[in-house]
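Only heavy atoms go into these numbers, but all of them, side chains included; no hydrogens, no water, no symmetry mates. We're numbering straight along the sequence, starting at 1.
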Amino acid sequence: FKKLMNKCGMIMFDPQLKALKLKLYRDENGEPKGDGRCCYIKVESVELALKILDGYEVRGNKIHVERAKFTMKGNFDPSKKRKKLTNKEKKRLKEKQQKLFDWRPERPVGCRQKCEKVVILKNMFTPTEFDEDPMLINELRDDVREESSKFGEVKNVKLYDNHPEGVISVSFKEPEMADACIEAMNNRWFAKRRISAESWDGKTKYEIQESEAERNERLKKWEQFLEDEKEKKTGGEGEPSTAEASGAAASACDIETSMASPSVCQSEEQTTPGAMDTTSGAQGDS
């Protein structure tokens, strides 16, 4: 049935049922009645099906095709009413459908993929290091950016601070820059660890989803860290002046705002693994 109806156009996909909008009607015994329904993306496909498939012979039988007519059978049951798509979901579905009809030229022979611009560094850290001093996240990310800049223009650096393999991704402007980085950094020693450097496969996601309990525990540790830092600044010097107190509070506020809820920053070309996720536990800079 699908093969037959595809002759006249592209069949609509149902985002809620996760299936094509095709249906073969069956009787009370579950046997096919010989009737079916197909929903196309384009109304022009309906007109084409009426012209081409009406009277078409299938397995020795001529089929009849007509425009579907929808009527209510029985009494209305609100519990069976399907949930409507949100405006955001409708827009996303429309964009996906539009892409199906876009004409896109084939990739030139020898043209490299965008994911080859991204280098994945592993064994760069252990997540427990940041429990003791969260500020190490920024220091490590800045060190990696500085070192990677030797091989070309760096677009983005992302640190996945709760990944057990100690992953950092580096996005370069060109694939050749990433190649140079891999050649120089693979099997190199860093902080008494042998790190690995490889090209991103374009599929693997490195964000680790946190549970609500894990997130609350991490925020609690961060608040404690900020309190300890305040005590270190004021300890042994008596009460700070009004100006000093205001400056310290503003500084602490800035740090807390930028670090309390980890984020992932994407480069302009969106070639880094993963997407924006405030609970992923990944740290990035742009």
Side-chain angles (χ1 to χ4, degrees), residues 1-109 111 113-115 200-207 209 211-212 264 266-280:
F1 185 47
K2 175 185 173 183
K3 185 177 180 180
L4 174 66
M5 304 311 292
N6 266 331
K7 293 178 180 292
C8 299
M10 301 194 72
I11 302 170
M12 185 175 291
F13 181 82
D14 191 324
Q16 294 180 329
L17 298 179
K18 308 295 183 183
L20 295 175
K21 287 191 173 183
L22 287 171
K23 183 176 182 179
L24 287 174
Y25 293 96
R26 299 178 181 273
D27 58 22
E28 59 275 6
N29 297 321
E31 297 296 327
K33 297 172 62 177
D35 299 334
R37 185 187 70 204
C38 173
C39 183
Y40 288 106
I41 296 177
K42 296 287 188 179
V43 67
E44 292 82 1
S45 299
V46 177
E47 300 295 337
L48 191 61
L50 294 174
K51 294 178 180 179
I52 295 179
L53 299 182
D54 188 32
Y56 191 81
E57 189 170 307
V58 178
R59 297 176 184 176
N61 299 311
K62 285 188 177 182
I63 63 174
H64 171 63
V65 179
E66 62 181 28
R67 192 179 298 274
K69 298 176 183 178
F70 296 94
T71 58
M72 183 181 295
K73 295 181 180 180
N75 298 324
F76 175 69
D77 186 356
S79 63
K80 295 183 179 180
K81 187 177 180 180
R82 296 180 62 181
K83 182 181 178 182
K84 292 184 178 180
L85 297 177
T86 63
N87 290 334
K88 186 176 182 180
E89 290 172 333
K90 290 179 181 178
K91 182 179 179 181
R92 189 184 298 118
L93 178 61
K94 188 175 181 180
E95 290 174 350
K96 286 183 178 180
Q97 291 177 348
Q98 189 61 40
K99 284 183 179 180
L100 295 175
F101 295 95
D102 287 347
W103 180 82
R104 297 171 184 265
E106 294 184 0
R107 184 185 297 274
V109 178
C111 181
Q113 299 179 347
K114 288 185 178 181
C115 64
W200 181 42
D201 59 11
K203 299 179 180 179
T204 305
K205 309 297 182 183
Y206 294 101
E207 288 90 350
Q209 298 293 333
S211 65
E212 189 66 25
V264 179
Q266 300 289 342
S267 66
E268 294 178 359
E269 298 182 19
Q270 295 293 321
T271 57
T272 53
M276 184 68 71
D277 187 349
T278 58
T279 63
S280 65

task: Measure the SG-CE distance between Cys38 and Met12 for me, rounded to the nearest 0.5 Å.
output: 10.0 Å

query: Would you say Ile52 and Lys7 make side-chain contact, with heavy atoms under 4.5 Å?
result: no

- prompt: Do you know the tightest heavy-atom contact between Lys2 and Ile11?
  reply: O-CD1, 4.1 Å

- request: For residues Leu22 and Arg37, determine if any side-chain heavy atom of one lies less than 4.5 Å from a side-chain heavy atom of the other.
  value: no

- prompt: Where is the tightest heavy-atom contact between Asp201 and Lys203, given as atom of each residue plus distance?
  reply: OD1-N, 2.8 Å

task: State, with a plain yes or no, whether a side-chain heavy atom of Leu4 is found less than 4.5 Å away from one of Tyr56.
output: yes

Spacing of Leu53 atom CG and His64 atom NE2 [to the nearest 0.5 Å]: 12.0 Å

- prompt: If you measure from CH2 on Trp200 to CD on Gln113, what distance do you get to the nearest 0.5 Å?
  reply: 10.5 Å

field: Donor-acceptor pair, side chain of Asn29 and main chain of Glu31, under 3.5 angstrom
entry: no

task: Locate the shortest heavy-atom distance separating Leu93 from Pro15; write the atom from each residue and the value.
output: CD2-CG, 4.0 Å

- prompt: Does any non-hydrogen side-chain atom of Tyr40 lie less than 4.5 Å from one of Met5?
  reply: yes

Heavy-atom pair of closest approach, residues Val65 and Ala49: CG1-O, 4.0 Å

- request: Inspect the contact between Glu47 and Arg67 and indicate whether a charged nitrogen and a carboxylate oxygen are less than 4.0 angstrom apart.
  value: yes

